[in-house]
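Step one of this worksheet: look at the structure below.
Keep in mind the model is a prediction, meaning the values are calculated, not measured. Each chain gets a letter, A, B and so on, in the order the sequences are listed, and its residues count up from 1.
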2 protein chains.
Amino acid sequence: MDERKQKVLLAIVQDYIATAEPVGSRTIAKKYGLGVSPATIRNEMADLEEMGYIEQPHTSSGRVPSVRGYRYYVDYLMKKQDLTREEEDLIRSELETKARDVGKVIQRTGQLLSQMTSYTAMVLTQQLGPGTFKHVQLVPMRLSQTMVIVVMDNGAVYHRMIETPDSILASDLDTLSKVLNAKLQGLTMESIKLTLLKELYFEMGKHKHILDLALELIQDSLALKKEDKIYLGGVFNMLTQPEFHNVEKVKTMLSILDQEKLLCELLSGESRDEGVTIRIGGEIKDYDIKDYSVVAAPYMLSGRKVGAVGVLGPTRMDYAKVISVMDYLTKNLSRALERVILGR
Amino acid sequence: MDERKQKVLLAIVQDYIATAEPVGSRTIAKKYGLGVSPATIRNEMADLEEMGYIEQPHTSSGRVPSVRGYRYYVDYLMKKQDLTREEEDLIRSELETKARDVGKVIQRTGQLLSQMTSYTAMVLTQQLGPGTFKHVQLVPMRLSQTMVIVVMDNGAVYHRMIETPDSILASDLDTLSKVLNAKLQGLTMESIKLTLLKELYFEMGKHKHILDLALELIQDSLALKKEDKIYLGGVFNMLTQPEFHNVEKVKTMLSILDQEKLLCELLSGESRDEGVTIRIGGEIKDYDIKDYSVVAAPYMLSGRKVGAVGVLGPTRMDYAKVISVMDYLTKNLSRALERVILGR
DNA sequence: GTTAGCACTCTATCTTATCGAGTGCTAAAG
DNA sequence: CTTTAGCACTCGATAAGATAGAGTGCTAAC
């Protein structure tokens, strides 16, 4: 592909991203100073179409980038676009000051992402994988009600109420906690199940009932499936995009957003461990998400990938902008999470 | 309003709810056996219109219920509609078996509600008000990282990581937990702040740093604003409603759904302590939510109102159905929550 | 009080005409 | 060989009738 073709393709992609209208030869010749006449551009465009980079919605209308065209643009032509000082400040202040717990941080992130791109933002939090047991605590809440709290080494905390006989004293619960902690320290479920249960029950037959319930929670915690949670933000923002003047399009989009599983796959699937992944239109395997692109990037917690943020938008999305926002955002998100979770 | 007028109004409301088309005199005479001719019905309709119960979208089209008409229908004409065996079973099984934690219960509730009504479901969880302190536990996680866990008497559990000096031993943390628990038992923040801090610091000057951080979390927990969280479900479902063939309508709706604060008010505001509240179209004060109705009902946890579920739909919604679903659902929701939270 | 008959209204839908942006091709110019 | 002006042609979008039919209100008869 010679240089002038590249320039023409770039012009088409940029203009289409900006206006959402098929772009004609005249427009290119006038707005993007290539120094040649529309007729020449038309020839180039005919070539580009033959090569599969652009398409015509119908004979005798302007050209529109094809999936392949977007791909070429993203891979070779797109210029990195830095955020303005204000935008950076906004992200930093929103994430650094205003959020004190994980949920808030996630939510803010989604809102920011959507607001700054005007597409739909998705934030995926992958449940920290099944860790090992760290601590259990039985807390007497009121007569015959006890709370079981289980802490995992990965920082997850689970709790549940259980019914306990009135005869049990607070000190009993304390002892029970102690014993459990001593016995179960650092184990995975398998080892607990196989080696220790008998021993435990033998020692503490008296409180068998409580033990059962407590162990049930511990078991649940340990076995917890890596269940992903997804936060969506700014669905409404996206409707300002001209493609959604058509109701059918809106429906398609909302039906995509309704399929949580699909979204999770889009965000987590086959993404490299760092940096932004872009999937354009039909490139998304299996599902028929033609017309939409997904830009996704993982975020880290102390070096480990613990989730991903993403943007869902029409193929005609402002990739440069989205990428730069996402880049800056994930970095700050990681930092914010470290602060909130690890107490740094 | 004489009996025949009521019948005509009932017919109009029912038919319009079912078909979304303005209903004409002929339709009523044919489908609803009033035993009179269309001309008679026309006369009645003219009267009803004069009284403000129905409206004409334009001269010479069928009639459509006005807000006042819906209100009359809901208050006097609507027949209670029981759920089918299958529907009841669905609700019960979904809520009783599948959900093990609060989040899941809430989510399932929303999904059920939306799915069974085909409108948008909202589930509001009001943060249990600021309770009193119950228990604190310092758990050593790894070198220089400690988790602070705070349990409130209302069952809320908060946790946070803090940085601790390497010199601190697990046994120190345990002692610290003990002392804190002994001192702070059952107090609200005010009393803690005013009376006990000095004493504490005096006793435990050595671990001042940890104390600070732990107290910070306790303070946060106690001071926690009654922050409401809202779960939305089935936005997509609603688009199957014929009113949303128009894009503008979709936008209006999504913009309503975007305003969390508004939604919270709709759900919690001025609702009686039990039973279903219905707000039709313009009846919703201040905001311009003409064209939409909200049906809401609180749900309980051991007798206290702890949240609300609601449905947002076009004024032309199937109130009878929604009410019966909601009625059955809130009861089961309360039960499910008691099971999950209180361990019954 | 009820109803048949009828003229009238208004929307929705279909058809037709027109406009104009944009193309591809041809032939001339560089 | 590349570029460009000129021109006929295509096709969607918009506007302007034309038509059908559902529904009304009114009048006069039952």
Side-chain angles (χ1 to χ4, degrees), chain A residues 1-9 11-13 15-16 18-66 69 242-243 245-249, chain B residues 1-9 11-13 15-16 18-51 53-66 69 242-243 245-247 249:
Chain A
M1 168 133 51
D2 66 42
E3 201 186 315
R4 196 170 61 191
K5 280 199 180 44
Q6 288 194 344
K7 277 188 182 160
V8 172
L9 179 55
I12 292 175
V13 174
D15 207 78
Y16 187 62
T19 65
E21 298 289 332
V23 6
S25 54
R26 216 181 113 79
T27 315
I28 295 181
K30 224 178 0 177
K31 280 213 282 189
Y32 303 80
L34 298 207
V36 291
S37 76
T40 312
I41 307 270
R42 277 205 288 282
N43 288 330
E44 296 288 26
M45 294 209 299
D47 291 349
L48 282 170
E49 182 162 9
E50 210 168 312
M51 294 191 261
Y53 291 109
I54 55 179
E55 293 167 349
Q56 262 177 313
H58 45 266
T59 337
S60 86
S61 82
R63 299 313 209 288
V64 158
S66 66
E243 10 271 297
H245 283 331
N246 177 340
V247 194
E248 281 315 305
K249 289 274 169 68
Chain B
M1 166 131 52
D2 66 43
E3 201 186 316
R4 196 170 63 191
K5 278 198 180 44
Q6 287 193 345
K7 276 190 182 160
V8 172
L9 179 55
I12 291 175
V13 174
D15 207 76
Y16 187 62
T19 65
E21 298 289 330
V23 8
S25 54
R26 218 183 111 80
T27 315
I28 295 180
K30 223 180 2 179
K31 281 213 280 190
Y32 304 80
L34 298 205
V36 290
S37 78
T40 312
I41 307 270
R42 277 206 286 284
N43 288 331
E44 297 287 27
M45 295 209 301
D47 291 350
L48 281 170
E49 182 162 8
E50 210 168 311
M51 294 194 264
Y53 292 109
I54 55 179
E55 292 167 348
Q56 261 177 315
H58 45 265
T59 340
S60 85
S61 82
R63 300 310 210 289
V64 157
S66 66
E243 10 270 298
H245 282 332
N246 178 338
V247 194
K249 289 273 169 66

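For A:Arg4, the side-chain hydrogen bond (donor to acceptor under 3.5 Å, both in side chains) partners are A:Glu44, not counting sequence neighbours.
In this structure, CD of A:Glu44 is placed 14 Å from C1' of D:dC1, rounded to the nearest angstrom. Atoms CG (B:Leu34) and P (C:dT2) sit 12 Å apart, rounded to a whole Å. For A:Asp47 and D:dT3, the CG to C1' distance is 14 Å, given to the nearest whole Å.
Using a 4.5 Å heavy-atom cutoff, the side chains of A:Met45 and A:Ile54 are in contact.
Within a 6.0 Å radius of NZ in B:Lys7, other residues, nucleotides and ligands contribute 12 heavy atoms or fewer.
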Readout for nucleotides 13-29 of chain C: B = base within 4.0 Å of protein heavy atom, S = sugar-phosphate only, - = neither; 5' to 3' it is ---------BBB-----
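Note that CD1 of B:Ile12 and OH of B:Tyr32 are 10.0 Å apart. Values are rounded to the nearest 0.5 Å.
Remark: B:Thr40 is in phosphate contact with C:dT3, judged by side-chain N or O atoms under 4.0 Å from OP1 or OP2.
Here the closest non-hydrogen pair linking B:Pro65 and B:Tyr16 is CD-CD2, 3.5 Å.
A salt bridge between B:Glu55 and B:Arg63 is absent, with no side-chain N of the basic residue lying under 4.0 Å from a carboxylate O of the acidic one.
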